[in-house]
Amino acid sequence: MAEVASFQSKALEAQQISREKEVMSLRQQLLDIQTQSDEKAIIGKLHHHIVALQVSEGTAVRKLESSVSKIRKMEAHLLRLEQQLDEKEQSLYHTKVDARNKSKHLKRTIQELRRQFSGAIPLSEQDKFSKAMIQMRQDKERMDQELKMVRLFITFLFFTVPIYEIYAES
C-alpha cells in the first residue's frame with residue numbers, strides 16, 4: 001500500500017515537473033515566434049523535442065521502477081512457494097517411509113503369528129469344543145446329583161425297610 005502511494009506521489013511530481021518544463025518550453029517558443037528568427041525557431045523546436053523526450057524518459061523510468069518492484073515481489077512469492085513445496089515434498093517422503101516401515105512391521109508380525117499358531121485349532125473348532133465341554137460338565141453335575149439322590153434313596157430304604165421284605169418282593 002505504501003509502495004503504491006509512493007509511486008503515485010512520484011508520478012504526480014514527475015507530471016508537475018513535466019508541466020513546468022512544458023510551460024517553459026511554450027514560453028520559449030512564444031519568444032521564438034515573436035522574434036521570427038529561423039535560428040531561434042529551430043532551437044525552440046529542438047528544445048520542445050528535448051522536453052518531450054525528458055517527460056517520456058521520466059514516465060519510462062517510473063514504469064521501470066514499478067515493474068522492477070513487481071518482479072521482486074513475484075520472485076519473493078515464488079521463493080516462498082518453492083520453500084513450501086520443498087517442505088511438503090519432505091513431509092510426503094517421511095510419510096511414505098513411515099508407511100513403508102509400518103507395512104513391513106505388520107507383515108513381519110503376521111508371519112510371526114502364522115508361525116506361532118500354525119498347528120492351532122481354528123477358532124470355530126475351539127468354540128465347538130468349548131461348548132461340548134460345558135455341556136459335558138453340566139451333564140456330569142446333573143448325573144452326580146441323580147447319583148446322590150439314588151444313594152440317599154437306597155440308604156433310606158436300607159434303614160427303613162427290613163431286609164427280608166426287600167428279598168421277598170424280588
Side-chain angles (χ1 to χ4, degrees), residues 1-139 141:
M1 189 91 160
E3 288 180 19
V4 172
S6 173
F7 285 130
Q8 287 177 346
S9 68
K10 287 180 182 179
L12 185 61
E13 287 176 19
Q15 284 178 351
Q16 195 170 9
I17 291 170
S18 171
R19 283 187 191 138
E20 289 174 5
K21 287 181 180 179
E22 192 174 356
V23 167
M24 287 173 47
S25 174
L26 288 174
R27 284 184 187 159
Q28 182 66 34
Q29 286 176 7
L30 182 62
L31 286 172
D32 288 342
I33 290 173
Q34 288 173 350
T35 59
Q36 293 291 325
S37 150
D38 287 338
E39 213 174 90
K40 287 192 177 188
I42 292 172
I43 291 173
K45 286 180 183 178
L46 288 174
H47 186 310
H48 178 68
H49 188 64
I50 289 171
V51 170
L53 287 174
Q54 287 174 341
V55 169
S56 176
E57 179 190 14
T59 304
V61 167
R62 280 192 314 279
K63 286 182 181 178
L64 176 65
E65 289 173 354
S66 174
S67 297
V68 167
S69 174
K70 286 180 183 177
I71 288 172
R72 285 184 184 141
K73 286 180 184 177
M74 291 174 74
E75 285 175 345
H77 184 68
L78 180 63
L79 182 63
R80 283 192 301 271
L81 289 175
E82 287 175 348
Q83 288 173 344
Q84 288 175 355
L85 178 63
D86 288 344
E87 290 171 2
K88 288 185 180 185
E89 285 177 346
Q90 284 293 324
S91 175
L92 179 63
Y93 172 76
H94 291 300
T95 303
K96 284 182 178 180
V97 168
D98 288 344
R100 191 175 310 121
N101 289 340
K102 285 179 183 178
S103 174
K104 287 179 182 178
H105 175 71
L106 288 173
K107 285 179 182 178
R108 261 189 258 120
T109 303
I110 289 171
Q111 288 299 327
E112 288 173 9
L113 289 172
R114 282 184 178 158
R115 277 188 224 111
Q116 182 180 354
F117 295 107
S118 63
I121 300 172
L123 289 177
S124 61
E125 295 294 321
Q126 286 181 355
D127 193 35
K128 288 178 188 177
F129 178 73
S130 175
K131 286 179 183 177
M133 289 299 291
I134 291 171
Q135 183 64 40
M136 288 172 67
R137 188 176 300 127
Q138 289 172 349
D139 289 346
E141 288 174 3

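No hydrogens, no waters, no symmetry mates; every other heavy atom, side chains included, goes into these values. Along the sequence shown, residues are numbered consecutively beginning with 1.
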- Note on the structure: Distance col, row Glu57:CD vs Ser18:OG, nearest 0.5 angstrom, shows 12.0 Å
- Task: Compare every heavy atom of Lys21 with every heavy atom of Val51, then report the nearest pair and how far apart it is.
- Result: CG1-CB, 3.7 Å
- Partners meeting side chain to side chain contact (heavy atoms under 4.5 Å, CB included) with Glu65 (sequence neighbours left out): Phe7, Lys10, Val61
- Query: When rounded to the nearest 0.5 angstrom, what distance separates OG in Ser69 from NZ in Lys73?
  - Reply: 4.5 Å
- Pairs touching residues 75-98 that satisfy salt bridge (Lys or Arg N to Asp or Glu O under 4.0 Å), sequence neighbours left out: none
- Roughly how far, to the nearest 0.5 Å, is the CG atom of Leu26 from the CZ atom of Arg19? 13.0 Å
- Message: Return the CG to CD1 distance between Leu106 and Ile110, rounded to the nearest 0.5 Å.
- Response: 6.0 Å
- Contacts of Gln83 that satisfy side chain to side chain contact (heavy atoms under 4.5 Å, CB included) - sequence neighbours left out: Leu79
- Message: Is the shortest side-chain heavy-atom distance between Gln135 and Asp139 below 4.5 Å?
- Response: yes
- Query: Hey, are the side chains of Arg62 and Ser66 touching, using non-hydrogen atoms and a 4.5 Å cut-off?
  - Reply: no
- Item | More than 12 heavy atoms from other groups under 6.0 Å of CD on Gln116 | yes
- To the nearest 0.5 Å, what is the distance between CZ (Arg108) and CG (Leu113)? 13.0 Å
- When rounded to the nearest 0.5 angstrom, what is the spacing between OG in Ser91 and CD in Gln84? 13.0 Å
